[in-house]
Amino acid sequence: EYFRVENHFGWAEALQQAAELQPMNGHAWYALGMAYHHHHQPEKVKEVALHLSRFDPALTRRLVQESERADLSHLIRDLR
C-alpha cells in the first residue's frame with residue numbers, strides 16, 4: 001500500500017493539492033481521506049467524507065468502511 005510510508009504528512013500535502021486542483025476527482029479525495037485516517041486525523045477524514053459524499057457515493061462508502069467511521073454512515077445510503 002502506498003500509505004505505508006514514513007512521511008504521511010508529505011503524502012497528505014501532495015494529495016490535498018491534487019484534490020484541490022481536481023475537486024471532482026474522487027480517487028484523490030479518497031486517497032487524501034485514507035492518508036488522514038492513517039495519520040490519526042479524524043476531523044480531516046470527516047471533512048473529506050463530507051466532500052466526497054456530494055459526488056461519489058461508492059468511494060464515500062469505501063472511505064467510511066475502510067477508515068472504520070461508523071459515525072459517518074449517515075453519509076451513505078447502503079452501508080454493508
Side-chain angles (χ1 to χ4, degrees):
E1 268 185 43
Y2 54 88
F3 294 113
R4 300 201 194 290
V5 295
E6 293 296 320
N7 188 356
H8 288 284
F9 279 126
W11 277 103
E13 184 177 304
L15 291 168
Q16 178 68 42
Q17 289 176 356
E20 288 173 1
L21 289 171
Q22 297 181 6
M24 300 300 284
N25 182 337
H27 294 285
W29 284 96
Y30 166 79
L32 178 61
M34 289 305 294
Y36 285 143
H37 168 67
H38 287 292
H39 208 71
H40 309 288
Q41 295 186 14
E43 285 304 311
K44 294 284 191 178
V45 174
K46 182 178 179 179
E47 290 173 18
V48 169
L50 286 169
H51 177 80
L52 197 54
S53 71
R54 295 182 192 127
F55 63 92
D56 197 324
L59 284 176
T60 303
R61 179 182 302 111
R62 185 173 170 193
L63 177 60
V64 168
Q65 290 175 328
E66 292 183 7
S67 64
E68 300 175 346
R69 293 295 303 268
D71 62 308
L72 300 177
S73 63
H74 66 280
L75 297 176
I76 53 180
R77 291 189 177 104
D78 185 25
L79 180 62
R80 289 181 191 196

Minimal non-hydrogen separation, Ala49 against Leu72, with atom names: CB-CD1, 3.9 Å
Residue pair Trp29 / Pro23: nearest heavy atoms and the distance that separates them: NE1-O, 3.1 Å
Looking at every heavy atom in both Tyr30 and Leu59, which two are closest together, and how far apart are they? CD1-O, 4.0 Å
Considering non-hydrogen atoms only, spot the tightest contact between Leu63 and Met34 and give its length. CD1-SD, 3.7 Å
Rounded to the nearest 0.5 Å, what's the gap from CD on Gln65 to CZ on Arg62? Could you check? 10.0 Å
State, to 0.1 Å, how close His37 and Val45 come at their nearest heavy-atom pair, and which atoms those are. N-CG2, 3.4 Å
Rounded to the nearest 0.5 Å, the CG atom of Asp56 sits from the NE2 atom of His51 at a distance of 10.0 Å
Report, as yes or no, whether the 6.0 Å neighbourhood of atom NE2 on His74 holds more than 12 heavy atoms from other residues, nucleotides or ligands. yes
Using every non-hydrogen atom in the two residues, find where Gln16 and Leu32 come nearest and quote the distance to one decimal. OE1-CD2, 3.2 Å
